[in-house]
Amino acid sequence: MDAGFALPRDGTEEDPVRLGVMISGGGSGLAALLRHQLKQPCCHQTVLVISNRSDAGGLRHAKENLVQHSVVPIPPGQDPEARRLQHEREVHQLLVASNVELVVLSGYMRILSPWFVERWKGRLVNIHPSLLPSFPGAHAHRDVLAAGVEITGCTVHLVDEGVDTGPILAQQSVEVTSDDTEDTLQERVKQVEHELYPKTLDLLCSGRITL
Ligand code: GAR
């Protein structure tokens with residue numbers, strides 16, 4: 001295994017890996033994951049949802065599914081680094097208090113510090129809406145359209161200290177059409193993400209992924 005990445009234990013239906021899902025927005029990915037976990041015997045279970053925004057629409061999916069959820073806003077203050085660390089310390093404490101074993105970033109729009117990554121490395125996974133290493137960053141669809149490429153997609157990867165750079169676990173391509181806008185492309189990529197992410201978590205939480 002790659003040095004520094006400690007993957008989650010093998011879960012079972014009786015003793016599923018405990019997931020903490022982090023969101024910032026509408027949470028369609030969270031909703032797809034919760035549906036997946038309900039409709040079949042599953043080796044992972046969402047036990048906590050954390051949002052950095054109180055207005056994140058995705059919180060509703062946690063409420064409807066009776067999953068424990070918390071809003072952890074960015075604390076006030078002058079120094080952005082101090083605010084980031086304080087925020088991440090709070091998030092980390094909540095994850096530990098809920099015995100979370102794997103942190104799933106699902107539309108979480110903040111970059112995590114090396115402090116946080118070090119604590120969860122190998123048990124911190126993200127989905128990004130492009131075929132990494134192409135088009136990292138917060139505006140993948142816009143960048144894809146500006147570049148004029150014909151194929152894009154999505155990537156599930158372990159998080160390391162870089163931005164959208166950790167070991168890739170799964171990718172799936174999506175065709176870009178000539179009439180695509182950011183919105184239409186985002187929608188089509190999300191449909192693929194909603195299948196790919198839960199299936200990749202099935203593999204990761206049952207020992208079927210090695211680095
Ligand atoms: C998803 O497309 C996800 O890949 C992307 O945000 C969207 C969240 O949608 N994530 C990133 O861009 C991370 N940099 P959702 O809130 O409806 O699940």
Side-chain angles (χ1 to χ4, degrees), residues 8 16-40 42 44-75 83-84 87-88 90-112 116-117 120 123-130 136-142 153-159 163-164 169-170 172 174 182-202 204-205:
V17 174
R18 297 170 64 82
L19 308 189
V21 180
M22 292 176 60
I23 62 168
S24 298
S28 65
L30 167 65
L33 176 61
L34 292 170
R35 278 197 302 275
H36 176 90
Q37 290 169 335
L38 277 177
K39 77 172 180 245
Q40 65 205 1
C42 197
H44 48 87
Q45 179 189 8
T46 302
V47 297
L48 178 64
V49 171
I50 295 179
S51 171
N52 59 309
R53 298 176 56 117
S54 58
D55 61 352
L59 287 166
R60 140 178 100 84
H61 302 302
K63 288 177 197 151
E64 284 170 5
N65 286 274
L66 305 180
V67 175
Q68 190 190 336
H69 50 279
S70 293
V71 175
V72 184
I74 312 304
R83 297 171 73 198
R84 176 185 304 282
H87 178 251
E88 290 182 0
E90 261 182 70
V91 168
H92 177 70
Q93 277 165 12
L94 286 174
L95 293 167
V96 170
S98 287
N99 296 318
V100 164
E101 298 173 281
L102 176 64
V103 180
V104 175
L105 306 182
S106 186
Y108 188 67
M109 299 310 283
R110 290 183 58 80
I111 293 166
L112 293 161
F116 189 90
V117 172
W120 291 97
R123 296 170 301 123
L124 177 56
V125 64
N126 182 41
I127 188 153
H128 181 78
S130 77
H139 306 288
H141 302 303
R142 186 188 306 173
C154 52
T155 303
V156 180
H157 67 99
L158 293 176
V159 176
V163 177
D164 301 325
L169 305 182
Q172 196 165 324
V174 172
E182 274 185 57
D183 285 349
T184 59
L185 191 54
Q186 168 170 270
E187 207 35 58
R188 268 202 332 288
V189 171
K190 277 191 187 185
Q191 295 309 316
V192 173
E193 290 184 348
H194 295 169
E195 297 288 321
L196 186 68
Y197 210 2
K199 282 184 190 159
T200 308
L201 292 171
D202 289 348
L204 183 61
C205 294

Taking it one step at a time, do H69 and L30 satisfy side chain to side chain contact (heavy atoms under 4.5 Å, CB included)? CA-CA 12 Å; H69 50 279; L30 167 65; over 6 Å; no
Show your reasoning for whether side chain to side chain contact (heavy atoms under 4.5 Å, CB included) applies to Y197 and V125. CA-CA 10 Å; Y197 210 2; V125 64; 3.8 Å; yes
Take L201 and V156 through the test side chain to side chain contact (heavy atoms under 4.5 Å, CB included) and record every step on the way to the result. CA-CA 9 Å; L201 292 171; V156 180; 6.0 Å; no
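With rounding to the nearest 0.5 angstrom, the CE atom of M22 is 13.0 Å from the CE atom of M109. Distance check, rounded to the nearest 0.5 Å: NE2 of H36 to SG of C42 gives 4.5 Å. The distance from atom CD of Q172 to atom CD of Q191, rounded to the nearest 0.5 Å, is 12.0 Å. Summarising the geometry, atom CG belonging to D164 is positioned 6.0 Å from atom CG belonging to N126; distances are rounded to the nearest 0.5 Å. Taken to the nearest 0.5 Å, the CD atom of Q68 stands 14.0 Å off from the NZ atom of K63.
Residues forming a side chain to side chain donor-acceptor pair (under 3.5 Å) with R110 (at least two apart in sequence, or on another chain): none. Every residue two or more places apart in sequence or in another chain that forms a side chain to side chain donor-acceptor pair (under 3.5 Å) with Q37 is listed here: H44, T46. Partners of R35 under the side chain to side chain contact (heavy atoms under 4.5 Å, CB included) rule, at least two apart in sequence or in another chain, are A31, A32. R142 pairs by the salt bridge (charged side-chain N to carboxylate O under 4.0 Å, His left out) definition with E182, not counting sequence neighbours. Qualifying side chain to side chain donor-acceptor pair (under 3.5 Å) partners for T200, counting only residues two or more places apart in sequence or in other chains: none. Here E195 pairs with K199 under the salt bridge (charged side-chain N to carboxylate O under 4.0 Å, His left out) rule; sequence neighbours left out.
Between H87 and Y108, the angle of the ring planes stays under 30°, which puts this pair in the parallel group of the 30/60° scheme.
P129 has its side chain out of reach of Q186: every pair of non-hydrogen atoms, C-beta onward, lies at least 4.5 Å apart. V17 places none of its side-chain heavy atoms less than 4.5 Å from the side chain of L204. Inter-residue side-chain proximity for L95 and R123 is flagged as unmet; no heavy-atom pair is nearer than 4.5 Å. Under the 4.5 Å side-chain criterion, counting only non-hydrogen atoms from C-beta, E64 is not in contact with L34. No side-chain heavy atom of S106 sits less than 4.5 Å from a side-chain heavy atom of L33. Side-chain atoms of L112 and W120, non-hydrogen and from C-beta on, never get closer than 4.5 Å to each other.
Distance alone, capped at 3.5 Å, places no donor-acceptor pair between the S130 side chain and the A140 backbone.
Side-chain polar atoms of H92 and E88 form no donor-acceptor pair below 3.5 angstrom. Counted by atom type alone, S28 and H194 present one or more donor-acceptor pairs between their side chains at under 3.5 Å.
A 6.0 Å sphere centred on CD1 of I111 holds no more than 12 heavy atoms belonging to other residues, nucleotides or ligands.
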